[in-house]
2 protein chains.
Amino acid sequence: MDALVAIAEPTRRRIVDALRMRACTVSELVAGLGMSQPAVSKHLRVLREAGVVTVEVRAQQRIYRLDPAPFRELDAWLAPYRRMWTHHLAELERHLDSRTRPHDSGPGSEDAAR
Amino acid sequence: MDALVAIAEPTRRRIVDALRMRACTVSELVAGLGMSQPAVSKHLRVLREAGVVTVEVRAQQRIYRLDPAPFRELDAWLAPYRRMWTHHLAELERHLDSRTRPHDSGPGSEDAAR
DNA sequence: GTCATGCATGCCTTGACGGTTATATAACCG
DNA sequence: CGGTTATATAACCGTCAAGGCATGCATGAC
């Protein structure tokens with residue numbers, strides 16, 4: 001979950017969101033972010049060391065692309081919380097159910113989450 | 001996605017992970033974290049203002065519990081990235097396929113693994 | 001070779017943040 | 001009422017990180 005800290009930073013999340021569409025060179029990112037090139041390079045370094053992005057050296061250019069691994073990790077971390085809100089939904093559903101059909105006692109239609 | 005910044009901080013993630021199990025008072029969190037009470041209160045304030053937790057006033061105690069909303073939001077943000085790693089898996093699968101059966105050219109029977 | 005390009009690194013400043021101690025507020029207990 | 005409990009807030013400090021500029025280091029073009 002070290003990647004989470006890296007991704008949380010607003011500017012880096014902009015970079016990540018940009019790389020989600022397609023791999024980019026540093027210059028392209030600089031143009032899109034409206035920031036100095038060193039600043040972008042430093043953010044890319046953080047993302048690199050957190051395993052969020054990988055680099056492909058191509059002449060003088062560096063092509064950055066996302067590494068799926070940390071996102072899978074984030075997804076795994078999020079999993080137990082998913083149960084939380086599905087539980088909340090189920091509760092709400094039961095509540096609404098009991099208001100609509102006050103005497104419905106049977107475990108009726110199950111609506112699977114997502 | 002302001003909640004992401006709040007959750008990214010290590011101590012606050014410990015708090016969130018604790019609250020995932022059950023709602024807690026401040027004192028309980030302080031005991032679990034081994035930190036000063038003001039420090040915990042400040043983190044709780046950040047989480048509160050980010051919409052991550054809600055408070056229930058009960059005499060002198062404040063019972064904190066998670067609010068599912070920001071986690072759903074995080075899940076939604078993560079969704080497009082999910083497509084990324086499933087795509088990677090499909091690619092890897094194709095690759096392994098071509099190595100196992102080098103002359104398999106037709107898009108014939110697809111045996112989906114796992 | 002020299003020059004230009006693309007990027008990384010070093011240094012510096014500034015602002016934000018996590019942690020502490022001390023204090024204020026509020027609710028129960030006697 | 002005074003005293004205790006539970007929590008928030010204030011004031012302060014040390015640290016760290018994000019951004020800027022200047023520079024170094026490769027690679028390709030000439």
Side-chain angles (χ1 to χ4, degrees), chain A residues 1-67 70 74 77, chain B residues 1-67 70 74 77:
Chain A
M1 299 307 292
D2 215 10
L4 213 178
V5 182
I7 295 177
E9 208 278 332
T11 301
R12 283 193 289 265
R13 210 161 58 233
R14 289 178 61 196
I15 294 179
V16 167
D17 281 329
L19 291 179
R20 179 166 62 83
M21 312 310 290
R22 63 171 232 269
C24 288
T25 67
V26 178
S27 311
E28 289 173 332
L29 290 172
V30 169
L33 293 173
M35 235 178 9
S36 74
Q37 172 264 314
V40 175
S41 275
K42 280 199 275 191
H43 281 299
L44 287 171
R45 180 195 178 108
V46 174
L47 292 172
R48 217 188 316 137
E49 293 178 344
V52 179
V53 301
T54 59
V55 207
E56 176 194 344
V57 179
R58 188 166 169 177
Q60 315 112 338
Q61 309 194 5
R62 310 296 152 102
I63 302 178
Y64 281 85
R65 45 175 51 90
L66 293 183
D67 187 326
L74 216 180
W77 176 81
Chain B
M1 298 307 296
D2 215 9
L4 214 177
V5 182
I7 295 177
E9 207 279 331
T11 300
R12 283 194 288 265
R13 212 162 56 231
R14 289 178 61 196
I15 295 179
V16 167
D17 280 330
L19 291 179
R20 178 166 62 83
M21 313 309 291
R22 65 170 230 270
C24 288
T25 67
V26 178
S27 310
E28 290 173 334
L29 290 172
V30 169
L33 293 173
M35 234 178 11
S36 75
Q37 173 263 313
V40 175
S41 275
K42 279 204 285 188
H43 282 300
L44 287 172
R45 179 195 178 106
V46 174
L47 291 173
R48 217 187 316 138
E49 292 178 344
V52 178
V53 300
T54 59
V55 207
E56 175 194 344
V57 179
R58 189 168 170 176
Q60 315 110 341
Q61 306 193 7
R62 310 297 154 100
I63 302 179
Y64 281 86
R65 45 175 50 91
L66 293 183
D67 188 327
L74 215 181
W77 176 80

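No hydrogens, no waters, no symmetry mates; every other heavy atom, side chains included, goes into these values. By convention in this document, chain letters (A, B, ...) are assigned in the order of the sequence lines, proteins followed by strands, and residues within each chain are numbered from 1.
A pairwise comparison of heavy atoms in B/Gly51 and B/Asp67 identifies O-CB, 3.5 Å as the closest pair. The minimum heavy-atom distance linking A/Leu19 with A/Tyr64 is given by the pair CD2-O, 3.4 Å. When every heavy atom of B/Ser41 is checked against every heavy atom of B/Arg48, the shortest pair comes out as O-NH2, 4.4 Å. The minimum heavy-atom distance linking B/Ile15 with B/Leu47 is given by the pair CG2-CD1, 3.9 Å.
If you check distances only, the side chain of B/Gln60 never reaches the base of D/dA6 with a donor-acceptor pair under 3.5 Å. Remark: the A/Glu9 side chain and the D/dA18 base include no donor-acceptor N/O pair separated by less than 3.5 Å. Side-chain atoms of B/Gln37 and base atoms of D/dA8 include a donor and an acceptor less than 3.5 Å apart.
Between A/Arg62 atom CZ and D/dG28 atom P there is a gap of 11 Å when expressed in whole angstrom units. For the pair A/Leu33 CG and D/dG20 P, the interatomic distance rounds to 11 Å; values are reported in whole Å. A/Lys42 has its NZ atom 11 Å from the C1' atom of C/dA8, to the nearest Å. Between the CZ atom of B/Arg14 and the P atom of C/dG18 there is a distance of 14 Å, given to the nearest Å. A/Gln61 places its CD atom 15 Å from the C1' atom of C/dA8, with the value rounded to the nearest Å. For A/Glu28 and C/dT5, the CD to P distance is 17 Å, given to the nearest whole Å. Rounded to whole Å, atom C1' of C/dA8 lies 12 Å from atom CD of A/Glu49. A/Met35 places its CE atom 7 Å from the P atom of D/dG20, with the value rounded to the nearest Å.
In the set C/dA8, D/dA8, C/dC28, the nucleotide with an atom closest to the side chain of B/Arg48 is D/dA8.
In terms of position along DNA chain D, the nucleotide closest to B/Ala39 lies nearer the 5' end than the nucleotide closest to the other residue of the pair B/Ala39 and A/Arg58. Residue B/Val46 is the one, among B/Pro38 and B/Val46, whose nearest nucleotide of DNA chain C lies closer to the 5' end (criterion: closest heavy atom).
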Verdict with supporting geometry, A/Glu56 and A/Arg62, salt bridge (Lys or Arg N to Asp or Glu O under 4.0 Å): CA-CA 6 Å; A/Glu56 176 194 344; A/Arg62 310 296 152 102; over 6 Å; no
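Between B/His43 and the phosphate of C/dC17, there is no side-chain N or O to OP1/OP2 separation shorter than 4.0 Å. At least one side-chain nitrogen or oxygen of B/Arg45 sits closer than 4.0 Å to the OP1 or OP2 atom of D/dT9. OP1 or OP2 of C/dA8 has at least one side-chain nitrogen or oxygen of A/Tyr64 nearer than 4.0 Å. Taking side-chain N and O atoms only, A/Ser36 has a distance below 4.0 Å to OP1 or OP2 of D/dG20. One finds a side-chain N or O of A/Thr11 lying less than 4.0 angstrom from the OP1 or OP2 phosphate oxygen of D/dG19. Taking 4.0 angstrom as the limit, B/Arg12 places a side-chain polar atom (N or O) nearer than this to OP1 or OP2 of C/dG18.
Across the strands present, C/dG30 finds its partner in D/dC1; the criterion is a Watson-Crick or G-U wobble pair with both atom distances under 3.5 angstrom.
By the 4.0 Å N-to-carboxylate-O rule, B/Arg14 lies too far from B/Glu9 to be salt-bridged with it.
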